[in-house]
Protein chains: 2
Amino acid sequence: MTNQELLHHHGLRATNLRLELLRLLRASDRALTHQELEAGLKVEADRVSIFRSLNAFEEAGVVHRVLDGRGTSCFARCGTDCGHGDHNDAHAHFRCNGCGHVYCLDAVELPSVSLPRGFKLAKSHLELDGTCKACR
Amino acid sequence: MTNQELLHHHGLRATNLRLELLRLLRASDRALTHQELEAGLKVEADRVSIFRSLNAFEEAGVVHRVLDGRGTSCFARCGTDCGHGDHNDAHAHFRCNGCGHVYCLDAVELPSVSLPRGFKLAKSHLELDGTCKACR
DNA sequence: TTTTGAAATGCAACACTGTTGCATCTAAGT
DNA sequence: ACTTAGATGCAACAGTGTTGCATTTCAAAA
């Protein structure tokens, strides 16, 4: 599926900015911040438009959001099985303490947890940190 | 150990602000943001001083920091076995999607994970969300 | 192909978290 | 009571993220 088809399939318009953002996200093996995306764009675009596009992507199920260790949002393309507001992002994330990059780890298995009485679990996120391949 | 002793024990001065912050943190069953702390203070204090105190607490091993779902820092008292830069905060955290409150869950067991080749693990954080007792 | 309405963008302004520099004050040991 | 390193207050700043509003542009229908 092309990026254009992907956008249309989720009810979004295929603008230059959005096609560019998807291109960058698809080309990356890790989750990217809005700053990295802005820096990588081959098109001029306003910060606000990038934020709005990323929010639209997230809501539509095109990307998912991860927080890096300092609380800023990173975005990565979703797997094929995400829909509107229905994310299947139940995989672990690894954050490198050296470069700060955030990787999605689809291979790592998530634990099943039992919560104290009264708490109702919706989702669990396993956040790992350490040193990545490039930083060793 | 009194809050005064606790501070001295970690090489920090027992000022009004810091004693107040510790009082609030000890009285709470969950992690608090700087905003909640500022609102709860019985003493006038500058935002900056609160941030600096919390940073000093964290570095000394008096409190640990958790990010809530939107990336803002929450703070909670550490267990007894934390020292300078040596946190023992390897427990799960639960964030309520209703009220946004963050709870430390000492009871939940952390999984052992195996990373892809090249990644070196330092710490793992299990972040859970759902609905808390009060919000059901 | 042209029209058209909704979606997307750009710009300005704002709120919030968090930090730094510097002058002043205070806790705590002498 | 002195002294000084540690703590505070104030002003200013950087970064993320949002909102309102006018303008542009995509995509579907005429």
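Here the structure is a predicted model, which is why all the values come from computation and not from measurement. In what follows, chains are A, B, ... by sequence order, proteins preceding strands, each numbered from 1.
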Chemist: Classify Ala14(A) by what it touches in the nucleic acid, base, sugar-phosphate, or nothing, heavy-atom distance under 4.0 Å.
Modeler: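 Ala14(A): backbone/sugar contact only, no base atoms under 4.0 Å.
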
Chemist: Report the hydrophobic cluster partners of Val102(A), with the cluster defined as I, L, V, M, F, W, Y residues connected by side-chain heavy atoms closer than 4.5 angstrom, directly or transitively.
Modeler: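 Its cluster partners, ordered by chain and number, are Val66(A).
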
Chemist: For residues 38-54 of chain B, which side-chain donor-acceptor pairs fall under 3.5 Å, sequence neighbours excluded?
Modeler:
unit_1: Asp46(B); atom_1: OD2; unit_2: Val48(B); atom_2: N; d: 2.9
unit_1: Ser53(B); atom_1: OG; unit_2: Arg18(B); atom_2: NE; d: 3.2
unit_1: Ser53(B); atom_1: OG; unit_2: Ser49(B); atom_2: O; d: 3.1

Chemist: Mind calculating the distance between CG (Asp68(B)) and P (dG17(D)) to the nearest angstrom?
Modeler: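 Nearest whole value for this atom pair: 13 Å.
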
Chemist: Under the ring-ring contact (aromatic ring centres under 6.0 Å, His included) rule, collect the residues that match up with Phe75(B), sequence neighbours excluded.
Modeler: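 Testing Phe75(B) for ring-ring contact (aromatic ring centres under 6.0 Å, His included), a comparison that skips the adjacent residues, returns none.
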
Chemist: How about His91(A) and His93(A): does a side-chain donor come under 3.5 Å of a side-chain acceptor?
Modeler: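 There is such a pair between these side chains.
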
Chemist: Classify every nucleotide of nucleotides 9-19 of chain C by which part a protein heavy atom approaches to under 4.0 Å, writing B for the base, S for the sugar-phosphate alone and - for neither, in 5'-to-3' order.
Modeler: BBBB----BBB

Chemist: By ring-ring contact (aromatic ring centres under 6.0 Å, His included), which residues pair with His101(B), not counting sequence neighbours?
Modeler: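 His101(B): no ring-ring contact (aromatic ring centres under 6.0 Å, His included) contacts found.
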
Chemist: Rounded to whole Å, please give me the gap between CG in Leu7(A) and C1' in dA6(C).
Modeler: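 Spelled out: CG on Leu7(A) to C1' on dA6(C) is 17 Å.
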
Chemist: Roughly how many Å is it from CG in Leu19(A) to P in dT25(D), rounded to a whole number?
Modeler: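 It works out to 15 Å between those atoms.
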
Chemist: For Arg95(B) and His125(A), run side-chain contact (heavy atoms from CB on, under 4.5 Å): C-alpha distance rounded to whole Å, both residues' side-chain angles, the deciding distance at 0.1 Å, then the answer.
Modeler: CA-CA 11 Å; Arg95(B) 180 175 178 278; His125(A) 299 271; over 6 Å; no

Chemist: At what distance, to the nearest 0.5 angstrom, does CG of Leu121(A) lie from CG of Leu128(B)?
Modeler: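 Rounded to the nearest 0.5 Å, the CG-CG separation comes out at 5.5 Å.
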
Chemist: Can you classify the ring geometry of Phe119(B) versus Phe94(A) as parallel (below 30°), tilted (30 to 60°) or perpendicular (above 60°)?
Modeler: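 Perpendicular, since the angle between the ring planes exceeds 60°.
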
Chemist: Can you measure Phe57(A) atom CZ to dG17(D) atom C1' for me and round it to whole angstrom units?
Modeler: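 Distance check: Phe57(A) CZ to dG17(D) C1' gives 17 Å.
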
Chemist: Could you write out each protein N or O paired with an N or O of nucleotides 2-5 of chain D at a distance under 3.5 Å?
Modeler:
unit_1: dA5(D); atom_1: N3; unit_2: Arg13(B); atom_2: NH2; d: 2.8

Chemist: What is the separation between atom CD on Glu58(A) and atom P on dG17(D), rounded to the nearest whole Å?
Modeler: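 The distance from CD of Glu58(A) to P of dG17(D) comes to 11 Å, rounded to the nearest Å.
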
